[in-house]
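One structure below.
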Protein chains: 6
Amino acid sequence: MEAKKAMNSLTIMTEIVLPNDTNTFGNLMGGRLMYWMDIAAALSAQKHCNAQVVTASVDNISFENPIKLGNAVHIEANVTRSFNTSMEIHLKVWGEDLTQQFKYKSNEAYYTFVALDPNRKPRQVPPVIAETEEEQKLFEGALRRRQLRLILGGKMNPDDAVELKAFFTNKD
Amino acid sequence: MEAKKAMNSLTIMTEIVLPNDTNTFGNLMGGRLMYWMDIAAALSAQKHCNAQVVTASVDNISFENPIKLGNAVHIEANVTRSFNTSMEIHLKVWGEDLTQQFKYKSNEAYYTFVALDPNRKPRQVPPVIAETEEEQKLFEGALRRRQLRLILGGKMNPDDAVELKAFFTNKD
Amino acid sequence: MEAKKAMNSLTIMTEIVLPNDTNTFGNLMGGRLMYWMDIAAALSAQKHCNAQVVTASVDNISFENPIKLGNAVHIEANVTRSFNTSMEIHLKVWGEDLTQQFKYKSNEAYYTFVALDPNRKPRQVPPVIAETEEEQKLFEGALRRRQLRLILGGKMNPDDAVELKAFFTNKD
Amino acid sequence: MEAKKAMNSLTIMTEIVLPNDTNTFGNLMGGRLMYWMDIAAALSAQKHCNAQVVTASVDNISFENPIKLGNAVHIEANVTRSFNTSMEIHLKVWGEDLTQQFKYKSNEAYYTFVALDPNRKPRQVPPVIAETEEEQKLFEGALRRRQLRLILGGKMNPDDAVELKAFFTNKD
Amino acid sequence: MEAKKAMNSLTIMTEIVLPNDTNTFGNLMGGRLMYWMDIAAALSAQKHCNAQVVTASVDNISFENPIKLGNAVHIEANVTRSFNTSMEIHLKVWGEDLTQQFKYKSNEAYYTFVALDPNRKPRQVPPVIAETEEEQKLFEGALRRRQLRLILGGKMNPDDAVELKAFFTNKD
Amino acid sequence: MEAKKAMNSLTIMTEIVLPNDTNTFGNLMGGRLMYWMDIAAALSAQKHCNAQVVTASVDNISFENPIKLGNAVHIEANVTRSFNTSMEIHLKVWGEDLTQQFKYKSNEAYYTFVALDPNRKPRQVPPVIAETEEEQKLFEGALRRRQLRLILGGKMNPDDAVELKAFFTNKD
């Protein structure tokens with residue numbers, strides 16, 4: 001299966017925060033944002049593998065700044081690396097107050113999708129070619145994040161998570 | 001008021017066609033698409049003028065290819081020219097079947113927005129700097145399209161529509 | 001195919017403006033209104049041809065008065081004329097503040113629909129019988145509006161648009 | 001307070017059954033229909049009293065025929081009678097398969113609304129003038145239905161429900 | 001067919017009132033609440049009969065207290081009794097202002113569902129075993145409510161409604 | 001501030017999977033589920049602290065089984081532990097095919113919410129009293145999960161994450 005460039009999976013989504021997307025403070029609800037991110041990530045994954053995909057997991061997401069009613073929501077999604085039948089997608093989210101020309105970070109996240117064939121069985125996806133420095137950093141980190149996912153899901157012994165351990169040690 | 005580049009107003013929106021967006025043939029309803037286009041165009045207009053905006057008019061839209069359930073909808077919106085307190089936005093819409101790597105044109109359209117101040121009165125917007133050849137062509141055509149809008153709205157005498165007349169003659 | 005009366009296709013739709021239909025000024029978004037108009041027009045077209053229909057095009061729409069949150073939206077749709085496999089629908093839209101007994105015009109528009117057979121091929125639709133004076137005026141104007149649509153869509157040479165030309169001349 | 005004609009409160013609503021309105025049989029869900037009926041009835045009540053209104057109660061509704069995906073839903077709402085600060089609204093609902101020219105009854109219902117002043121206190125509403133035979137029949141029945149509502153709500157002793165008793169006796 | 005316990009059909013639903021669910025007073029619209037109640041009742045009926053179900057009728061509902069924007073809506077649904085192929089569901093609805101620890105009754109209602117086989121024909125449902133005092137009271141009252149439904153639907157002569165008559169007499 | 005029992009924050013939500021909630025396989029989209037979970041978790045957090053809350057973060061979520069169109073979705077949310085102004089909420093999600101009496105696990109997750117005062121500043125929340133064995137296990141694990149969140153958010157040095165380290169070691 002021929003490898004594909006990471007940048008070819010770039011998906012850009014822009015939404016506006018409408019009343020029904022907000023909590024009682026008039027800010028975008030976290031759940032509504034995760035819904036949009038899921039769609040942006042699914043489109044990016046489909047662009048990479050040209051197959052139907054389903055959400056397998058979502059990594060830890062931290063919401064930094066509230067996005068206000070009437071503001072724009074910008075989501076950028078990109079495949080970082082593939083693992084046989086799954087793909088990790090990196091998402092960056094900003095809010096923007098267009099009348100005040102004020103753009104602010106909301107969060108960054110990783111979603112994992114699995115490609116399915118028409119019989120709903122997982123199918124092979126192309127490897128990812130990481131070209132830019134940022135793409136390479138995301139590509140390398142993907143291994144470590146996957147180990148954390150497997151440990152948290154009870155599918156890997158912490159002892160075997162070599163890259164994750166190195167990461168914790170490097171920080172010492 | 002300082003002029004701003006056309007390209008700075010570029011707004012990219014990506015949506016997925018969900019069941020409730022479709023007619024009985026499983027294709028995106030025209031009305032649902034016009035709703036998304038209105039939001040993309042409003043965001044582009046706001047980017048240009050940094051003010052609240054309202055839809056003033058929509059030009060003739062022709063739907064060329066149906067967009068299918070589960071396909072991606074790509075909308076690109078750009079300010080082409082401004083007229084004192086109003087802005088014309090050019091929109092291009094494609095559908096994409098990601099599993100078959102098949103991208104097809106849906107339509108092209110022009111929406112006009114008016115900028116409002118906090119008291120809901122029309123306010124001045126910056127002129128547009130058209131740089132690329134396409135931007136310049138859109139900038140020039142904007143005058144002719146505006147004359148057609150005014151004539152159709154009963155606000156201009158066909159005789160005074162100099163650019164529009166020239167266009168009809170050129171085609172002879 | 002037997003002709004059918006224009007008035008038999010009359011479709012009346014009433015909606016209420018809810019928070020999620022509004023922009024930051026608390027007024028109905030243009031896109032949301034075009035969505036409702038599309039559904040009203042589709043129902044009117046179906047009433048006339050008793051077949052599935054799809055939106056082919058929308059003519060220039062000008063929004064005259066904003067419709068406020070909580071106000072009623074009245075839409076009346078009627079087939080004006082048919083052209084082999086397509087039908088032009090005329091729409092009139094009012095807003096109404098029921099607590100103040102204040103009814104105001106929002107816009108008037110023309111949508112064109114194509115009738116499809118179960119294999120999704122265009123199918124013949126019945127001719128329209130225009131009876132009242134207003135129906136006859138709409139019936140006659142339909143030819144001119146169709147020529148404008150074809151010219152704007154690049155499918156007709158302005159020289160061949162006899163009725164449209166006469167219209168421009170009459171206004172001199 | 002000047003009485004108003006029943007027919008002036010007529011509200012006509014037309015909707016189309018979209019995928020998200022249906023149950024697993026592809027038929028309109030009862031709850032979704034009651035939602036639309038509530039809005040149609042509220043608009044009719046507002047037309048009569050020119051004030052804000054809130055739903056006070058809904059009488060027994062029986063769903064006779066399922067309305068299918070893609071079919072039209074027709075709702076007609078009319079004030080039948082007012083009781084100091086409340087109004088009874090009569091609703092008739094049909095489904096229509098436009099491609100097969102088949103129109104069928106779905107149900108008939110009575111909603112009761114209370115008019116509120118800006119401080120959210122109940123306010124007087126105009127009496128209803130019933131002119132046609134059907135309007136008069138609905139006007140008279142309103143008293144009996146109101147007694148049943150009050151008994152079912154524990155606010156009236158069955159012994160005092162004179163009209164309701166007569167109705168039961170007449171049927172003997 | 002083996003009888004099943006009433007309590008096994010208990011369905012608990014919690015919703016939050018979002019902007020689009022509210023009227024101009026910022027309170028939950030009656031129609032939106034009836035929509036949620038319909039879904040809760042359908043799930044309870046399905047739990048009891050393990051078959052697809054459709055709404056057959058809704059009894060008189062009286063709305064006691066408005067539920068405010070941002071408040072929680074609690075719905076509890078339970079099968080009370082079955083009649084060959086139909087089931088009566090009892091619903092209790094509360095609103096709750098969580099920041100003020102204030103819980104208030106909204107309404108109580110009865111929905112009736114019919115179970116369908118895959119060919120959409122009514123199918124037998126299990127009898128209900130009422131154990132607690134409240135369940136037994138609901139079970140007994142179900143007969144009387146059914147007679148009222150049949151009389152109101154024109155399917156029963158008031159003379160034959162033995163239980164309903166006794167109820168009216170007992171109140172004397 | 002007086003401590004409150006974990007079990008008092010229990011929030012039960014039941015939803016039904018409608019067409020617009022599904023992907024092209026007819027299964028519930030991950031993003032839609034995260035939206036519902038966010039609302040259930042917010043209600044549980046509000047029950048505990050009796051204040052407005054906003055989503056601060058979401059831990060790794062793994063989707064185990066797809067939930068099908070027409071199936072019920074059961075969500076149970078409970079506060080596990082509070083940390084000054086924030087609360088961790090534990091969520092359990094099941095799907096259920098009611099016609100086949102088949103209930104299956106979808107996922108388990110942890111959301112973190114911050115309580116805000118009317119000026120939108122974080123405010124103190126009550127400590128949690130964990131009584132049952134499961135509650136105590138969740139209470140203890142909350143510290144470890146919080147350390148992981150802080151490390152992943154770049155707000156804690158892995159060396160200082162005593163409980164998290166012990167957890168990794170215990171697994172050896």
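- Here the OG-CZ distance, from A:Ser86 to A:Phe113, works out to 11.5 Å after rounding to the nearest 0.5 Å.
- Between chain F and the residues A:Ala42, A:Ser57, A:Pro118, A:Gly153, the largest count of heavy-atom pairs under 4.5 Å involves A:Ser57.
- Just one of F:Lys137, F:Glu131, F:Glu133 meets the side-chain contact (heavy atoms from CB on, under 4.5 Å) condition when paired with F:Glu135; it is F:Glu131.
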Handout entry: Evaluation steps, side-chain hydrogen bond (donor to acceptor under 3.5 Å, both in side chains), between F:Thr99 and F:Asp97
Key = CA-CA 6 Å; F:Thr99 62; F:Asp97 184 325; 2.9 Å; yes

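- Among the candidates F:His48, F:Lys5, F:Glu2, the single residue satisfying the side-chain contact (heavy atoms from CB on, under 4.5 Å) test with F:Pro126 is F:His48.
- For F:Asp59, the parts sitting under 4.5 Å from any heavy atom of chain A are the backbone and the side chain alike.
- Heavy-atom pairs under 4.5 Å with chain A were tallied for F:Asp38, F:Leu152, F:Ile39, F:Asn107; the largest tally goes to F:Asp38.
- Using a 4.5 Å cut-off between heavy atoms, F:Asn27 contacts chain A through its side chain alone, with no backbone atom that close.
- A side-chain donor-acceptor contact under 3.5 Å links A:Arg120 to the backbone of F:Phe25.
- Results of the side-chain contact (heavy atoms from CB on, under 4.5 Å) test with A:His74 over A:Met13, A:Lys103, A:Glu15, A:Lys92 single out A:Lys103 as the only residue that passes.
- For the set A:Thr112, A:Val58, A:Thr55, the count of heavy-atom pairs under 4.5 angstrom toward chain F peaks at A:Val58.
- Of the listed residues F:Asn23, F:Val53, F:Ile61, F:Val54, the one with more heavy-atom pairs under 4.5 angstrom with chain A than any other is F:Ile61.
- Within the 4.5 angstrom heavy-atom criterion, only side-chain atoms of F:Tyr111, from C-beta onward, approach chain A.
- Heavy-atom pairs under 4.5 Å with chain A were tallied for F:Ala109, F:Ala41, F:Ser62, F:Pro66; the largest tally goes to F:Ser62.
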